[in-house]
Amino acid sequence: MDDFDSLLRANPAPAPQTRLLWEAVVTCQPKQDLGIGPYGERFIVPIIGGLFRGAAGFETLSGTVLSGGADRQLLRADGVKELEAIYEMQVDDGTVLHIENRVTIDDPTPNGRYALSHVRITAPRGRWDWLNRRVFVGSMNSLPPDRGAVKINVWLVEPA
């Protein structure tokens, strides 16, 4: 065990850092109940559009969220929600990005709402293909019910 501890001390690992990539407002239709399955209650929320805007340093990564995606939701017996949103976003230059956003929502926790995700971005060859080779995390916040939308922020995870 002493060797293990000395190896850890001799090789510290700096914590990764995040940098805001974009903010998006995604519009949705009301959720549809799909019934109770073996893992919990299931829902689907059709995605019908929206806008996204690149953050500082990524201003050209802006455009629209395309209609046709969906957010598949599972409400587990322990009250945690698992979301798998799959949709496309079109950058203003015409490039279409495929987005897979897996969200875990634990609401409420002692520290408030936990709604964080792992975001996978698939881009075609060209200007944005660097997105295929990076790790992204996200957050999701519901907007007022009359909006029928959610706010999604996505961060690029970078080494320290």
Side-chain angles (χ1 to χ4, degrees), residues 16-55 58 60-158:
Q17 300 182 4
T18 59
R19 198 169 142 203
L20 185 61
L21 183 65
W22 74 61
E23 296 179 289
V25 173
V26 178
T27 54
C28 307
Q29 290 181 333
K31 75 177 174 181
Q32 301 168 17
D33 190 335
L34 299 178
I36 298 174
Y39 304 109
E41 194 169 359
R42 299 175 312 118
F43 303 93
I44 189 167
V45 178
I47 295 172
I48 57 173
L51 298 171
F52 68 100
R53 178 180 59 209
F58 302 105
T60 56
L61 185 56
S62 297
T64 58
V65 177
L66 301 178
S67 180
D71 179 6
R72 290 146 182 91
Q73 302 182 356
L74 172 68
L75 178 58
R76 301 181 338 201
D78 64 0
V80 171
K81 241 188 221 180
E82 295 178 0
L83 282 58
E84 181 181 19
I86 298 176
Y87 54 97
E88 280 68 39
M89 299 187 343
Q90 186 167 21
V91 183
D92 287 337
D93 67 10
T95 304
V96 176
L97 306 174
H98 175 77
I99 309 299
E100 297 174 34
N101 192 355
R102 292 180 176 266
V103 185
T104 298
I105 300 174
D106 189 4
D107 189 21
T109 68
N111 297 324
R113 184 173 199 249
Y114 181 96
L116 297 174
S117 66
H118 172 257
V119 182
R120 181 174 177 193
I121 304 168
T122 306
R125 288 186 184 142
R127 179 180 187 184
W128 303 109
D129 64 1
W130 67 270
L131 297 167
N132 299 320
R133 300 183 300 274
R134 297 297 179 264
V135 172
F136 304 93
V137 294
S139 67
M140 188 196 75
N141 296 84
S142 298
L143 295 173
D146 61 319
R147 283 288 317 205
V150 294
K151 179 183 177 197
I152 298 171
N153 288 356
V154 173
W155 287 269
L156 168 63
V157 179
E158 299 179 302

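Bear in mind that the values here come from a model prediction, so they are computed numbers and not experimental data.
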Contacts under 3.5 angstrom, residues 20-27 side chains, donor-acceptor by atom type, not counting sequence neighbours:
| from | atom 1 | to | atom 2 | distance (Å) |
| --- | --- | --- | --- | --- |
| Glu23 | OE1 | Arg53 | NH2 | 3.3 |
| Glu23 | OE2 | Lys151 | NZ | 3.4 |
| Thr27 | OG1 | Gly49 | N | 3.3 |
| Thr27 | OG1 | Gly49 | O | 3.1 |

With rounding to the nearest 0.5 angstrom, report the [atom1] to [atom2] distance, [X] to [Y].
X: Gln90; Y: Ser62; atom1: CD; atom2: OG; value: 13.0 Å
X: Leu75; Y: Lys31; atom1: CG; atom2: NZ; value: 7.5 Å
X: Asn141; Y: Asn153; atom1: CG; atom2: CG; value: 7.0 Å
X: Ile44; Y: Cys28; atom1: CD1; atom2: SG; value: 11.0 Å
X: Asp107; Y: Ser142; atom1: CG; atom2: OG; value: 9.0 Å
X: Arg120; Y: Leu131; atom1: CZ; atom2: CG; value: 12.5 Å

Got [X] and [Y] here, is their nearest side-chain heavy-atom distance under 4.5 Å?
X: Phe43; Y: Leu34; result: no
X: Leu83; Y: Met140; result: yes
X: Phe58; Y: Val154; result: no
X: Arg127; Y: Asp93; result: yes
X: Leu116; Y: Val137; result: no
X: Val96; Y: Pro124; result: no
X: Asn101; Y: Tyr87; result: yes
X: Asn132; Y: Thr122; result: yes

* **side chain to side chain contact (heavy atoms under 4.5 Å, CB included) assessment of Thr104 paired with Val80** => CA-CA 7 Å; Thr104 298; Val80 171; 3.9 Å; yes
* Mind checking ring pair (Phe, Tyr, Trp, His ring centres under 6.0 Å) for Trp128 and listing every partner two or more places apart, or none if nothing turns up? => none
* Return yes when atom CZ of Arg147 has more than 12 non-hydrogen atoms of other residues, nucleotides or ligands closer than 6.0 Å, and no otherwise. => no
* Considering residues, nucleotides and ligands other than Arg125, do more than 12 of their heavy atoms fall under 6.0 Å from its CZ? -> no
* **Positive for side chain to side chain contact (heavy atoms under 4.5 Å, CB included) with Leu74, one of Glu84, Arg42, Lys81** => Arg42
* Asked: So, for Ser139 and Ser117, which heavy atoms are closest and what is the spacing to 0.1 Å?
  -> N-OG, 4.3 Å
* To do: Considering non-hydrogen atoms only, spot the tightest contact between Pro46 and Pro30 and give its length.
  => CD-O, 3.9 Å
* Asked: side chain to side chain contact (heavy atoms under 4.5 Å, CB included) between Phe136 and Val157: does it pass, once the steps are laid out?
  -> CA-CA 6 Å; Phe136 304 93; Val157 179; 5.9 Å; no
* To do: Please step through side chain to side chain contact (heavy atoms under 4.5 Å, CB included) for the pair Ile121 and Ile99, ending with a clear verdict.
  => CA-CA 5 Å; Ile121 304 168; Ile99 309 299; 4.0 Å; yes
